[in-house]
Amino acid sequence: MKKSFPNIRLRRLRNNSPIRNLVRENVLSSHDLIQPFFIIEGNNKTEKIKSMPGIHRLSIDLAIKEIKVLQKLGIQGVALFPCIQKKYKTDDGHEAFNDDGLMQRAIRSIKKAVKDIAIISDVALDPYTTHGQDGILSSNNKILNDETVDILVKQSLSHANCGVDIIAPSDMMDGRIKAIRKSLEKNKYVDTKILSYSAKYSSNYYGPFRDAVGSVKNLGKSNKDTYQMDFSNKKDAIREVEMDISEGADIIMIKPGLPYLDIVSKINDMFNVPIFIYQVSGEYAMIKTATKNNYLDEKKVVMETLVCMKRAGANAIITYYAKDALQWMK
Ligand code: PBG
């Protein structure tokens, strides 16, 4: 082997800030971030979420106010998650496609009040079911795939009908992208985009989210292992992505974020499709806790993590840190 040193000194490109800035491969911009919102009933209402310090559940009017603030900071998209009152939860979660439900009203009101923002709506049944599962259950407690897909199609159509920009099925039923796409086309919603949670792992990092939408008690000791993916697997993620692209997904989501960047990188190498990453509630809670104790520098750690997600191949990142990051970037 020929000796390259000293002809090649890699530190040459690191030795001052203008040079480092010029050769940098990945940067984070305000266009890369999506803020999740937990929506509640009522007016001028805000509730703290214990396991997610700094994040609040907001009534629609307050969410609109906040979205306008975020928009001034440069945000392009928001992801909505409804907190459904107990009285509307049922075994089959049919409130999910109520045209006058909380989510539907939220989409319509935000669309009307805020121009030029991409609204992403979560499609899954867990906020609406008494058992907290994303699908409906058979009499012997199995998640029924095809019956659930029928409801997800109705839910998606009702969101499209309210003018949502992006429908985001996070349920992990088989065949739902095909069924949703077919019915969107049939109903002339040809521009409604589908962001498929293709590789959604059965993760232990979702705890604070389930607390935020109030499905944690409903779910009890049960889990989502029969539909969300086994975190030991990679090939399974590739098959999921392959399938969802062929069924008509426009964008692919990989979730959680940080422990799954190998999946992001692999999918980015293999497919010509935009990739979003969800930095989930547990990831947020971990950084919050460590930085509250001054074990880590919050701003630096968050910005590093988000850039690493870009480096792995993310086009955009759904993160509870979106607002903070936008402010830090200013
Ligand atoms: C449910 C859904 C979950 C999240 C987004 N949509 C939780 C789950 O699958 O139980 C998690 C997001 C987060 O943890 O921040 N359809």
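Nothing fancy with the numbering, it's 1 onward along the sequence. Values below: all heavy atoms of this structure, side chains included; hydrogens, waters and symmetry mates excluded. Every number for a ligand or one of its atoms is a count from 1 in the order of the listing.
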Is the Lys NZ or Arg CZ of Lys255 less than 6.0 Å from the centre of Tyr206's six-membered ring, within 45° of the axis?
yes
Atom 14 (O) of ligand 1 - nearest protein heavy atom and its distance
Ser281 OG, 2.7 Å
Atoms of ligand 1 less than 4.0 Å from Asp134 heavy atoms?
1 (C), 16 (N)
For ligand 1, is any non-hydrogen atom under 4.0 Å from Asp171's backbone (N, CA, C, O), its side chain (CB onward), both, or neither?
neither
Heavy-atom contact check, 4.0 Å cutoff: does Gln228 meet ligand 1?
yes
Atoms of ligand 1, numbered as shown, that sit under 4.0 Å from any heavy atom of Asp122:
6 (N), 16 (N)
Under the side chain to side chain donor-acceptor pair (under 3.5 Å) definition, can you give me all pairs with a residue in residues 139-148, not counting sequence neighbours?
Ser138-Asn140
Electrostatic pair Asp126:Lys224 at N-O distance under 4.0 angstrom
yes
Looking only at heavy atoms, the pair that brings Met52 and Ala212 closest together is SD-CB, 4.3 Å
State if Lys255 counts as touching ligand 1 under the rule of any non-hydrogen atom under 4.0 Å.
yes
At under 4.0 Å between heavy atoms, what of Asp126 touches ligand 1? The answer is side chain
Write out the residue and atom name of the closest protein heavy atom to atom 15 (O) of ligand 1, then the distance separating them to 0.1 Å.
Tyr320 OH, 2.6 Å
Which protein non-hydrogen atom lies closest to atom 2 (C) of ligand 1, naming both residue and atom, and how far is it?
Lys200 NZ, 3.2 Å
Could you list the atoms of ligand 1 found under 4.0 angstrom from a heavy atom of Ala124?
16 (N)
For Leu58, which of Glu66, Lys65, Glu47, Lys45 qualifies under side-chain contact (heavy atoms from CB on, under 4.5 Å)?
Glu66
Protein contact to atom 8 (C) of ligand 1 [nearest heavy atom, distance to 0.1 Å]:
Lys224 NZ, 3.3 Å
Ring geometry between Phe81 and Phe38 (parallel below 30°, tilted from 30 to 60°, perpendicular above 60°):
tilted
Can you pull out the closest protein heavy atom to atom 12 (C) of ligand 1? Residue, atom name and distance to 0.1 Å, please.
Phe209 CD1, 3.3 Å
Hey, what else clusters with Leu10 if you join Ile, Leu, Val, Met, Phe, Trp, Tyr whenever side-chain heavy atoms sit under 4.5 Å?
Ile8
For Ile143 and Met173, which heavy atoms make the closest approach, and how far apart are they?
CG2-CE, 3.6 Å
Over all heavy atoms of both residues, which pair between Lys200 and Asp134 is shortest? Give the atoms and the distance, please.
NZ-OD2, 4.2 Å
of all protein heavy atoms, closest to atom 16 (N) of ligand 1 is Ser170 OG, 2.8 Å
Would you kindly specify which portion of Leu219 sits under 4.0 Å from ligand 1, judged on non-hydrogen atoms: side chain, backbone, both or neither?
neither
Taking all non-hydrogen atoms of both residues into account, name the closest pair between Ala237 and Ala199 and its distance.
CB-CB, 3.9 Å
Consider ligand 1: state whether an atom of it lies below 4.0 angstrom from any non-hydrogen atom of Tyr278.
yes
